[in-house]
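I have placed the structure first, in the form of structure tokens, so that the comments after it can refer back to it.
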Amino acid sequence: MKNSSPTLIYNLFPRVFKTIDDWSSHVEKIASMNFNSIYVNPFHTVGGSKSLYAVDDYFKLNPDFLKPGADPKDFSPLKKFLKKCDKYNIQVYMDLVINHTANESVLVKEHPEWFKKDENGNIVHPYAIDPANPSNVTVWGDLSEINYDDNPDMDGLIAFWQKMLSFYQDLGISGYRCDAAYKIPSEVWKTLINTAKKRNPKSKFLAETLGCTLEQTMALQDCGFDYLFNSSKWWNFEAPWCIDQHCQFKSIAPSISFPESHDTTRLSSDPPGSLHMQKNRYLLSALFSKGLLMPIGYEFGTPKGLHVVNSSPEDLSEKKWDIQDWISNINKLKLNTDILKEEGSWRAVSGYDWDLLFLIKESNHNSGSLGVVINKDWHNTRNISEHEIPNEISAFKALIQPFNDPNEKRPNKGPLFLSPSEIALFSN
């Protein structure tokens, strides 16, 4: 079975640009790094909190991203950007935020019956409970939660989402990151996804499920999602939980790894803040799953994190390094290597209580296998002698050290020298 091309996503964060018109100037650079997809966070009008995820009107562009005096109902700037992406064969993804709206949303005004109410009839704000400390509850007071439990007009609500999806499909957007997908009933997702794919078979839906329970994730089985997001970003190679989750969830859909996201701190500002660690987490994302996502600024080690309210173009001005060419080569390696085009199956062939971790990724489509060794030490070089390499790994014929040159293969013989945090590959 031939593997389909993996989805390699560049997250273009709208608040670090002055206007939508500036997005287009970034497309050629993104394409040169061999990304085939661009994901843009919400670009709709927002409520009083100004958070990108506090959507006010799904059919208007955020004035913060437009030239002064521009009409938010005029989608010409977005159309221009989409046309530029199409020129470079880049699929564009947008956020599908349908679990809540801004308190000031037009839907709250026009359809208050679509929202959850408390015992006093007040609209409920969404919240999250810290699983490690149930007394720690975060309430998003700027948001109003949509009712999917006993909505008296569920057909009307779904019809509205269908209208919105159709609108953006007609504009040329065919990819959707489904925010907090686990909060939406599976039957709703099935309806929306099936209908969208009938309108455009190339449509893709990515389920954001981070932080939810196993049961909530498994409930998305057979909904039609093309990808889930995984938690490999937080794997420190000290326990098998990441591989266990990979095995559990791949029956739902292949996954997308990311070294950091708009919700996390910048890796370059976290200890050790090294270029080696920057490469470690990106390479792990490229190897671990079928898809990957990288946020804007990662290629430069930008230390200031992305923020849904406060980010500005100046936030990208500080650059610790430039690894655009290296990322381009890693993406090329992924696109040209069959075993890296699929989700595959992972297993460890060494213990987790060692300073090295040896892994094997095996194909589910007769595309062979790949050996991996990780130097778990962030600060020190590791010399690996032949007798330390497990037999299953030493059986591979070629060695690649992508930290240095992703295109160079050499015979798998002799001692191996790994830089701090370095990942090396063994291939047949």
### Query
Is the CG atom of Asp170 crowded by more than 12 outside heavy atoms at less than 6.0 Å?
yes
### Query
If only atom types and distance count, is the side chain of Lys250 paired as donor or acceptor with the main-chain N or O of Gly344 below 3.5 Å?
yes
### Query
Under 6.0 Å from the CG atom of Asn428, do we count more than 12 heavy atoms belonging to anything else shown?
yes
#### Entry: Side-chain donor or acceptor of Thr213 paired with backbone N/O of Gln216 under 3.5 Å
yes
#### Entry: Centroid separation Phe258 to Tyr39 less than 6.0 Å
no
### Query
Quick one: do Lys376 and Glu238 make a salt bridge, cutoff under 4.0 Å?
yes
### Task
Calculate, to the nearest 0.5 Å, the distance between atoms CG and SG belonging to Asn194 and Cys223 respectively.
9.0 Å
### Verdict with supporting geometry, Leu418 and Gln401, side-chain contact (heavy atoms from CB on, under 4.5 Å)
CA-CA 9 Å; Leu418 294 183; Gln401 290 187 264; 3.8 Å; yes
### Message
Check Asp226 with Lys197, please: is the shortest side-chain N to carboxylate O separation under 4.0 Å?
### Response
yes
### Residue among Ser257, Ser255, Ser289 satisfying side chain to side chain donor-acceptor pair (under 3.5 Å) with Ser232
Ser257
### Query
So, His276 and Ser274: side-chain donor and acceptor under 3.5 Å apart, yes or no?
no
### Summary
In Ser311, Ser317, Ser312, the residue satisfying side chain to side chain donor-acceptor pair (under 3.5 Å) with Glu314 is Ser312
### Query
How far apart are the C-alpha atoms of Ser419 and Asn375, what are their side-chain angles, what is the distance that settles it, and do they pass the side-chain hydrogen bond (donor to acceptor under 3.5 Å, both in side chains) test?
CA-CA 7 Å; Ser419 301; Asn375 179 6; over 6 Å; no
### Query
Going by an N to O cut-off under 4.0 Å, is there a salt bridge joining Asp86 and Lys83?
no
### Polar side-chain atom of Lys409 near backbone of Ala398 as donor-acceptor pair, under 3.5 Å
no
### Task
Answer yes or no: does atom NZ of Lys60 have more than 12 heavy-atom neighbours from other residues, nucleotides or ligands under 6.0 Å?
no
### Task
Output, in order, the C-alpha distance, side-chain angles, deciding distance and verdict of side-chain contact (heavy atoms from CB on, under 4.5 Å) for Leu306 and Arg266.
CA-CA 8 Å; Leu306 301 170; Arg266 290 288 199 180; 3.7 Å; yes
### Message
Per the ring-ring contact (aromatic ring centres under 6.0 Å, His included) rule, what does the pair list look like for residues 176-219, sequence neighbours excluded?
### Response
Tyr176-Phe205, Trp189-Phe225
### Query
Going by atom types alone, do Ser37 and Thr7 pair a side-chain donor with an acceptor below 3.5 Å?
no
### Exercise: do Gln278 and Ser268 side chains pair donor with acceptor under 3.5 Å
no
### Message
Any side-chain to backbone donor/acceptor pair from Lys204 onto Gln91? Under 3.5 Å, distance only.
### Response
no
### Shortest non-hydrogen separation from Ile38 to Phe81 and the atoms involved
CG2-CZ, 4.1 Å
### Task
Run the numbers on Asn230 and Gln245 for side-chain contact (heavy atoms from CB on, under 4.5 Å), then give the verdict.
CA-CA 8 Å; Asn230 66 50; Gln245 283 189 2; 5.9 Å; no
### Message
Counting only heavy atoms not in Lys190 (residues, nucleotides, ligands), do more than 12 fall under 6.0 Å from its NZ?
### Response
yes
### Query
Any side-chain donor paired with an acceptor under 3.5 Å for Asn280 and Ser421?
no
### Query
When you look at Phe167 and Phe75, which way does the ring pair (Phe, Tyr, Trp, His ring centres under 6.0 Å) test go after all the steps?
CA-CA 11 Å; Phe167 175 81; Phe75 278 76; 5.1 Å; yes
### CH2/Trp140: more than 12 non-hydrogen atoms of other groups inside 6.0 Å
yes
### Heavy-atom donor-acceptor pair, Glu362 side chain to Ser369 backbone, under 3.5 Å
no
### Closest non-hydrogen atom pair between Pro72 and Leu66, with its separation
CA-CD1, 3.8 Å
### Message
Whether the side chain of Lys334 engages the backbone of Pro6 through a donor-acceptor N/O pair (distance < 3.5 Å, no angle test) should be reported.
### Response
no
### Query
Is the backbone N or O of Val97 less than 3.5 Å from a side-chain atom of Tyr58, with the two atoms forming a donor-acceptor pair by type?
yes
### Message
Please confirm whether the ring centroid of Tyr352 lies under 6.0 Å from the ring centroid of Trp354.
### Response
no
### Shortest non-hydrogen contact from Ile90 toward Ala31
CD1-CB, 4.0 Å
### Query
With distance as the sole criterion, is a donor-acceptor pair present between the side chains of Ser394 and Asn412 under 3.5 Å?
no
### Query
Using the ring of each side chain (for Trp, its six-membered ring), is Tyr168 parallel, tilted or perpendicular to His44, with breaks at 30° and 60°?
perpendicular
### Message
Check Asp95 with Arg177, please: is the shortest side-chain N to carboxylate O separation under 4.0 Å?
### Response
yes
### Ser363 and Glu342 side chains, donor-acceptor separation under 3.5 Å
yes
### Task
May I have the step-by-step check of salt bridge (Lys or Arg N to Asp or Glu O under 4.0 Å) for Glu392 and Arg347, ending in yes or no?
CA-CA 12 Å; Glu392 286 186 85; Arg347 59 187 175 91; 2.6 Å; yes
### Message
Is it the case that the side chain of Glu343 and the backbone of Lys290 share a donor-acceptor pair, with hydrogens and angles ignored and the cut-off at 3.5 Å?
### Response
yes
### Gln162 backbone acceptor or donor facing Ser166 side chain under 3.5 Å
no
### Query
If you round to the nearest 0.5 Å, how far is CG of Leu12 from NE2 of His262?
13.5 Å
### Query
Is the side chain of Tyr53 donor-acceptor paired with the backbone N or O of Asn41 at a distance under 3.5 Å, no angle test?
no
### Message
I need the single residue from Phe288, Trp235, Trp241 that forms a ring-ring contact (aromatic ring centres under 6.0 Å, His included) with Trp346. Which is it?
### Response
Phe288
#### Entry: Polar side chain donor-acceptor pair, Asp270 to Thr265, under 3.5 angstrom
yes
### Query
Going through the distances and angles, do Thr264 and Trp234 end up as a side-chain contact (heavy atoms from CB on, under 4.5 Å)?
CA-CA 11 Å; Thr264 72; Trp234 293 277; 3.9 Å; yes
#### Entry: Minimum heavy-atom distance Pro42-Pro14, with the two atoms named
O-CG, 4.0 Å
### Task
Please report the closest heavy-atom contact between Ala424 and Leu399, naming both atoms and the distance.
CB-CD1, 4.2 Å
### Asp355/Arg382 ion pair, N-O < 4.0 Å
yes
### Query
How are the rings of His26 and Phe17 set relative to one another: parallel (under 30°), tilted (30 to 60°) or perpendicular (over 60°)?
perpendicular
## Note on the structure
Nearest heavy-atom contact between Tyr298 and Met294 is CB-CG, 3.5 Å
### Message
For Lys233, I'd like to know if atom NZ has over 12 heavy atoms of other residues, nucleotides or ligands within 6.0 Å.
### Response
yes
#### Entry: Salt-bridge criterion met for Lys29 and Glu299 (N-O under 4.0 Å)
yes
